[in-house]
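Take a look at the structure below.
Counting starts at 1 for both ligands and their atoms, following the listed order. Numbers here are sequence positions counted from 1.
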Amino acid sequence: MARLVMKFGGTSVANIERIRNVAQHVKREVDAGHQVAVVVSAMSGKTNELVGWCKDASSLYDTREYDVVVASGEQVTSGLVALALQNLGLKARSWQGWQIPILTSDAHGSARITGLDGARLDEGFARGEVAVVSGFQGVHEETGRITTLGRGGSDTSAVALAAGIKADRCDIYTDVDGVYTTDPRIVSKARRLDKVAFEEMLEMASLGAKVLQVRSVELAMVHNVRTFVRSSFDDPANPQAGTLICDEEEIVEQQIVTGIAYSKDEAQITLRRVADKPGVAAAIFVPLADANINVDMIIQVVSDDTTTTDITFTVPTADFERARSILERSRSEIAYQTLQGATDVVKVSAIGVGMRSHAGVAAKAFKALAEKGINIRAITTSEIKFSILIDAAYTELAVRTLHSLYGLDKA
Ligand code: ADP
Ligand code: ASP
Ligand code: MG
C-alpha cells in the first residue's frame, strides 16, 4: 500500500462530468489499495472571475478580503469531488486549508506555507477515507485569516501536502500529458519529456512555463517529493505515467538544451542619457527594490557623448506603472533625460543543465534569430539558461526557431 497525493487542475474539474472523471482516477488508486489525498483547483476560469469581482468592487482592494473571495473557488470543487467519490461508493470528505490546517505567512495573495500538520488526515486515512483538500488556500496562524498561495498555487498545496503526509508520490493531473520541451499549445512539434531535472523545471517554471508553480518545484526539490505531471484526460482505466521531475543523476540521456520557455509578464524600461558616474545604478535600483519591484534583465550602454549612459531593464508587467512613477519621482536625483517604456515585449529563454559544460550555446541563438530578422532588446545568461527580450509579435517565431535550433522538434 502506498500513500498518494493526486492534484487536479482547473480544466480537470471544469464541470460535473469532468469531476466524475476525476473520481474515476481516484477510484482506480483506492481500488489498488492506496491511501489517497486529492488536491483540487477551482473550476477553470473561476479564479479569474473572482479576481475580476474583487477589482470591480474596489480598485485598491484589501488583500485579506481578496483571499476570502478567491479561496472560495476551491471550496466548491473540494465538496463536489467528495460528493462524486461518495457517489462511487467511496468514503470521502473535503478539507479546507484552515481545517487541516495548512499554515502560511500573512502575505495575502501570495502567502508561503510555513507548516502543515497531517495528523487529522492520518485519522481520516485510518477510517479508509479519501481526503479531498482545497488547493491554493491556507490560514495565517496568528490572525486566523484565510490566505491564498498565488496564482497556480494548488500545485504548491499538493507538493507541500505530499511532503507533510510523507506520500510516496505526488501526481499533478492537468490538461497535457506531461512536461514538454516547450508549451505544446504554441509549438506543435514540442516533445513530451519522460524526465526533467528539478533545476531545469525550476527555471522553466520561473521563466514562464506555467505547467507547475515555481514554489511547488522548490518544495519537491527540497523535500525530495516524487512528482509526476500527467493528464486527467487519459482513460482512467489505462493512464500514462507522465513526466517525472527528478534529480539530474536520474536522467541518462542529457540534452544541452532541454526546453524553451517564454513569458509575456515582462515590461521594459529604458532611461536615456543618465549621468555616467558612481552611485547612479544605486539611485535607480534601490528605490525599486524598496518598493518590492523585481528587476530582472539589466543592460547599460555608453552613449555617443561618453559622459552619459543608457540603462535598460525589465520589471514584471504588473509593476510597470509603479516602477515608472517611482523613477519619475527621482528624476532629478538620477538625472536622466528621458524614460521610455514598452510592455509589448516578451522574454524567451532556453534552459538546460547541459549548458554548464558547453560553450557558445547562446551565441548560436543570436545568429539564428538575426537570420529571422528578430531584434534582441536585452540578454541575460546564467549557468543553465539564457534569456532574450524581443518584441511580443515575434514570440511564436522565436520559440519555434530556438526549438528547432537545439534539436528539440519531434520527428
Ligand atoms: P492546471 O489548470 O491543470 O493547473 P495550467 O494551465 O496551470 O493547468 O498548466 C498547464 C498548461 O501549461 C498547459 O495547458 C500548457 O499550455 C502550459 N505549458 C506551458 N509550458 C509548458 C510545457 N513546457 N509543458 C507542458 N505544458 C506547458
Ligand atoms: N485556482 C487558482 C488559480 O487559478 C490556483 C490553481 O489553480 O492552482 O490560480
Ligand atoms: Mg496550474
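Residue contacts with ligand 1: Arg185 is placed with a nitrogen or oxygen under 3.5 Å of a nitrogen or oxygen of the ligand (distance criterion only).
For the residue pair Ser134/Gln75, the side-chain donor-acceptor check at 3.5 Å is not satisfied. Side-chain polar atoms of Thr317 and Thr343 form no donor-acceptor pair below 3.5 angstrom. Remark: the Thr314 side chain and the Glu266 side chain contain an N/O donor-acceptor pair separated by less than 3.5 Å.
Per-residue contacts place Met204 under 4.0 angstrom from the following atoms of ligand 1 (heavy atoms of the residue considered): 23 (N). Annotation for ligand 1: atoms under 4.0 Å from non-hydrogen atoms of Tyr180 are 22 (C), 23 (N), 24 (N), 25 (C). Close approach of ligand 1 to Val179 (heavy-atom distance below 4.0 Å) involves ligand atoms 24 (N).
In the candidate list Lys210, Gln213, Met43, Lys210 is nearest to atom 7 (O) of ligand 1, counting heavy atoms. Scanning Val211, Asp155, Asp175 for the heavy atom closest to atom 13 (C) of ligand 1 points to Asp175. In this comparison of Val229, Ile186, Thr174, the heavy atom closest to atom 10 (C) of ligand 1 sits on Thr174.
Remark: aromatic rings of Tyr173 and Phe233 are distant, center separation not under 6.0 Å. Aromatic ring centroids of His108 and Tyr66 lie 6.0 Å or more apart.
Note on Asp106 versus Arg64: no salt bridge recorded, every NZ/NE/NH1/NH2 to OD/OE distance being 4.0 Å or above. A salt bridge between Glu49 and Lys46 is present, with a side-chain N of the basic residue lying under 4.0 Å from a carboxylate O of the acidic one. Using a 4.0 Å cut-off between charged nitrogen and carboxylate oxygen, Arg145 and Glu65 count as a salt-bridge pair.
The closest donor-acceptor contact from the side chain of His358 to the backbone of Gly354 lies under 3.5 Å.
Ranking the protein heavy atoms by distance from atom 25 (C) of ligand 1 puts Gly178 O, 3.4 Å first. For atom 2 (O) of ligand 1, the nearest non-hydrogen atom of the protein is Gly10 N, 3.1 Å. What sits closest to atom 4 (O) of ligand 1 on the protein, heavy atoms only, is Lys7 NZ, 3.2 Å. Of all protein heavy atoms, the one closest to atom 15 (C) of ligand 1 is Asp183 OD1, 3.4 Å.
In this structure, Arg272 fails the cation-pi test against Tyr336, since its NZ or CZ atom is not both closer than 6.0 Å to the six-membered ring centre and inside 45 degrees of the ring normal.
At least one heavy atom of Pro184 sits less than 4.0 Å from an atom of ligand 1.
At a 4.0 Å heavy-atom cut-off, the residues surrounding ligand 2 are Ser41, Ala42, Thr47, Glu74, Phe136, Arg151, Gly152, Gly153, Ser154, listed by chain and number.
Only backbone heavy atoms of Thr182 (N, CA, C or O) come within less than 4.0 Å of ligand 1; its side chain stays farther off.
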Q | Stepwise side-chain hydrogen bond (donor to acceptor under 3.5 Å, both in side chains) test for Ser349 and Glu203 | A | CA-CA 9 Å; Ser349 310; Glu203 292 286 5; over 6 Å; no
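The line from CG of Asp276 to CD of Gln300 is 6.0 Å long, rounded to the nearest 0.5 Å.
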